[in-house]
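Read through the structure below, which is laid out as structure tokens, and then see the notes.
Indexing begins at 1, ligand by ligand and atom by atom, following the structure's order.
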Amino acid sequence: MSNKESLSWNNLDYTLLPFIKRAIEAYDFEHLTPVQAMTIPMLSSNRKDVIVESYTGSGKTLSYVIPILERCVRDYSYETLKDTDLPHNGPRLKKPVNNSFHTMIIVPTRDLAVQVEKVVDFILSFYNDKSTVVPDDDEKEEETFYNAPKTLLLVGGDKKQNMNEDLHKYKTSKPHILIGTPGRVLEFLKKPIVNTKECAYLILDECDRLLLDPSFDKDIQQILFILPKQKRTGLFSATIKDPKFLVTKTAMRNPFKITVNALNKPKELTLKYVLTKTNNKLNQLLAILQKSEYKKCIVYMSSANEVTYFHKVINQFVRSIKDNQLFYKFPSGKELPIYSMSGKLTNQQREKSLELFKNDTISGKSVLLTTDLTSRGIDITDVDLVVHFDAPTTPEIFLHRSGRSARGGKAGNALLFLQEDTKELGYLDFLKIRYGIDLEEIYCNFDIDGYYDIKQLYKWVLKDRLRFDESVSGFVSFINGYRAHSLQSIFKANSINYLKLAELFGCIRFPKSPEVDAFLKDYQKLDCYFDDEQREHITAIKEKNGWFVEKFNMDDYPYSDKTREEKRLKELEENKKNKQSKSKKPAETVAWSNKVESKEKRQERKKKLVEKREIIVQEMKRKAIEDAENGVKSDYKDDIEEDWKAMVRSSKKQKKSDNDFFGDM
Ligand SMILES: Nc1ncnc2c1ncn2[C@@H]1O[C@H](COP(=O)(O)OP(=O)(O)OP(=O)(O)O)[C@@H](O)[C@H]1O
């Protein structure tokens with residue numbers, strides 16, 4: 001990033017440790033980025049907590065990694081390090097005592113944790129200057145090499161026993177810096193062997209996600225209870241809406257706010273949008289992927305189900321195989337590697353996909369289909385195009401996704417797909433008002449019909465029942481994603497044209513869902529425009545009971561995978577038997593008044609349980625705060641869960657004995 005106004009590394013108001021300088025030289029970074037220039041001195045001084053908001057790709061990672069490495073080495077060095085006389089190689093370090101550690105870095109995803117660990121380890125690889133070894137020259141004094149600080153990655157794995165492995169590594173390698181995801185870090189910190197007393201730094205990268213997302217917040221609150229109060233905290237993100245709230249949540253003692261976000265985005269990032277018909281989105285995407293200029297492109301979809309399904313669809317239509325990789329072959333004959341990465345893959349598969357995409361330099365162009373799992377933090381500098389195939393559920397995610405391109409001062413584009421047959425155009429005004437961001441419209445004059453047609457898609461789906469299942473999952477997940485949108489006035493579920501949506505997914509019949517039922521019952525009531533052709537199409541499909549192809553018996557629709565098919569046939573057989581035996585039993589008739597009564601009872605019981613749970617939560621929270629104030633480790637979330645489970649168990653027992661009692665009568 002050649003930012004002329006920024007500071008040069010030699011002009012910092014203190015001298016960087018030589019190994020950090022060597023790493024920066026290897027990176028070939030001439031200047032500090034603005035966020036680094038402001039944050040590094042502040043955090044290194046060890047006097048301030050910082051809350052840092054700076055646009056995507058602006059170098060926030062190094063702005064906390066450099067200070068924590070500086071502090072760690074200075075704090076653990078046997079000698080006090082004087083800036084005027086720093087040892088060329090890293091100094092001899094003490095190991096953390098009594099199973100303690102120096103720094104905790106927490107990020108929201110495993111992939112990001114792996115990435116941050118790589119950055120830390122890269123810098124630490126310069127701890128000793130190996131080029132100074134002169135083996136054959138006896139006259140020169142040999143350099144003394146010492147061990148650099150160590151890191152430990154704390155992320156959930158595919159294997160259950162991983163925690164024991166982590167603890168073993170922790171005890172034996174004595175790491176100074178721990179990097180992980182909230183759930184795993186909490187589990188780790190709760191182990192009696194882990195001593196948190198010496199923790200001097202806590203970094204929460206993507207802090208708004210960690211502190212505001214309910215799925216992380218509880219874990220983070222417990223982590224904050226467990227870690228000592230006397231530590232420096234650093235909060236980092238490109239989007240911090242309410243800094244005061246985050247400061248209160250983290251109980252920072254001496255906070256300093258740093259903001260480098262005048263445009264809310266890197267100035268090198270160009271934002272555009274394209275209006276597209278829902279059923280033509282995939283063709284439009286393929287046209288853009290073929291005809292646009294880019295090196296690496298990330299395409300964001302709203303769910304893992306969608307990614308899985310569309311990855312298969314894309315690869316199906318004219319593909320070839322090279323070195324075990326699937327390539328999409330365009331009608332023009334040019335090939336393009338398309339990778340996919342979502343939560344449906346195992347950790348290993350995800351890592352592999354990301355690595356292949358990152359390192360793909362042979363094809364000239366490569367594409368990654370993914371979800372918001374990779375919307376934050378992931379740093380692949382060659383990405384110069386981001387496509388929002390489905391609009392993101394919050395405007396913050398829009399900035400994070402778009403910011404996967406135009407990183408480190410390079411130019412990049414982000415293209416938002418808006419469905420012209422919905423109310424999505426309103427999103428543009430919202431982005432303008434909320435973030436002052438203008439998106440320029442692009443008109444794709446590409447011939448977008450040439451990639452595949454719907455009949456081909458149906459034919460392909462009909463060949464394997466798994467494809468039908470996946471088309472339905474994709475369709476349903478899309479609707480769920482739409483319903484979860486934070487901007488409900490713009491992303492209205494009742495403005496979706498379900499007919500076109502079903503066509504996009506190649507659904508051979510309408511999936512069953514309340515939205516589709518309402519659509520088929522009275523589509524005219526929806527907030528959506530239908531032309532004559534579509535009206536006729538809907539009437540025809542209604543007459544066919546929701547089928548897009550000729551109706552057939554679903555029992556005769558096989559999986560091409562043998563084991564799956566055997567299982568299906570077995571289940572089908574069992575279902576038939578169960579139905580027959582049920583139809584023989586006379587139906588029990590229950591008085592309507594009894595049903596109503598039991599429904600009321602159920603509701604009352606539910607209400608009582610909710611009230612009891614709230615009492616337990618409050619009581620445990622109070623206890624946890626008390627414990628924390630007395631310096632005792634608190635396991636209050638676990639306790640609540642335990643108490644809650646015990647209560648549910650006893651309530652079930654009670655219910656069972658009630659039933660038994662009545663059964664006896
Ligand atoms: N001083 C610098 N000069 C040039 N490039 C830099 C400098 N510091 C970091 N970079 C590069 O800029 C890119 C983006 O850095 P980083 O991942 O830290 O951004 P970020 O601000 O954390 O972004 P995000 O908010 O998306 O997580 C990286 O490839 C990094 O190597």
Option whose closest heavy atom lies nearest to atom 30 (C) of ligand 1, chosen from Phe122, Tyr55, Phe29, Tyr27: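 Answer by nearest heavy atom: Phe29.
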Asp379, Ile66, Asp382: member with heavy atom nearest to atom 28 (C) of ligand 1: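 Checking each option, the heavy atom nearest atom 28 (C) of ligand 1 is found in Asp379.
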Check [X] against ligand 1 and report side chain, backbone, both or neither, counting heavy atoms closer than 4.0 Å.
X      : value
Arg376 : neither
Thr381 : side chain
His400 : neither
Glu30  : neither
Arg407 : side chain

Parallel, tilted or perpendicular, as decided by the 30° and 60° cut-offs, for the rings of Phe126 and Phe122: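 Judged by the thresholds at 30° and 60°, the geometry between Phe122 and Phe126 is perpendicular.
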cation_pi(Lys296, Phe357) dist<6.0 Å, angle<=45: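 Pair Lys296/Phe357 counts as cation-pi.
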By number and element, which atoms of ligand 1 are closer than 4.0 Å to a non-hydrogen atom of [X]?
X      : value
Glu206 : 27 (O)
Ser58  : 19 (O), 20 (P), 21 (O)
His31  : 1 (N), 2 (C), 3 (N)
Thr33  : 1 (N), 2 (C), 7 (C)
Thr61  : 16 (P), 17 (O), 18 (O), 22 (O)

Of all pairs that satisfy ring-ring contact (aromatic ring centres under 6.0 Å, His included), the ones with a partner from residues 367-393, not counting sequence neighbours: Phe310-Phe389, His388-Phe398, Phe389-Phe417
Output field: ring centroids Tyr201/Tyr64 closer than 6.0 Å: no
Under-4.0 Å salt bridge between [X] and [Y]:
X      : Y      : answer
Lys21  : Glu25  : no
Lys60  : Asp205 : no
Arg232 : Asp49  : yes

Regarding ligand 1, does [X] bring an N or O atom to under 3.5 Å of one of the ligand's N or O atoms?
X      : value
Leu32  : no
Gly59  : yes
Arg404 : yes

Hey, is [X] one of the residues with a heavy atom under 4.0 angstrom from ligand 1?
X      : answer
Gly403 : no
Gln115 : no
Trp9   : yes
Ser54  : no

Flag if over 12 foreign heavy atoms under 6.0 Å of CZ, Arg483: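 Open: at most 12 neighbouring heavy atoms sit under 6.0 Å from CZ of Arg483.
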From Ile203 atom CD1 to Ile179 atom CD1, the distance as rounded to the nearest 0.5 Å: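 One gets 11.0 Å once the value is rounded to the nearest 0.5 Å.
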Expected output: side-chain Gln221 to main-chain Lys218 donor-acceptor under 3.5 Å: no
Side-chain (His176) to main-chain (Pro149) donor-acceptor, under 3.5 angstrom: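 A pair under 3.5 Å: no.
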Heavy-atom closest pair, residues Leu12 and Leu16: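 Scanning both residues, the minimum pair turns out to be CD1-CG, 3.8 Å.
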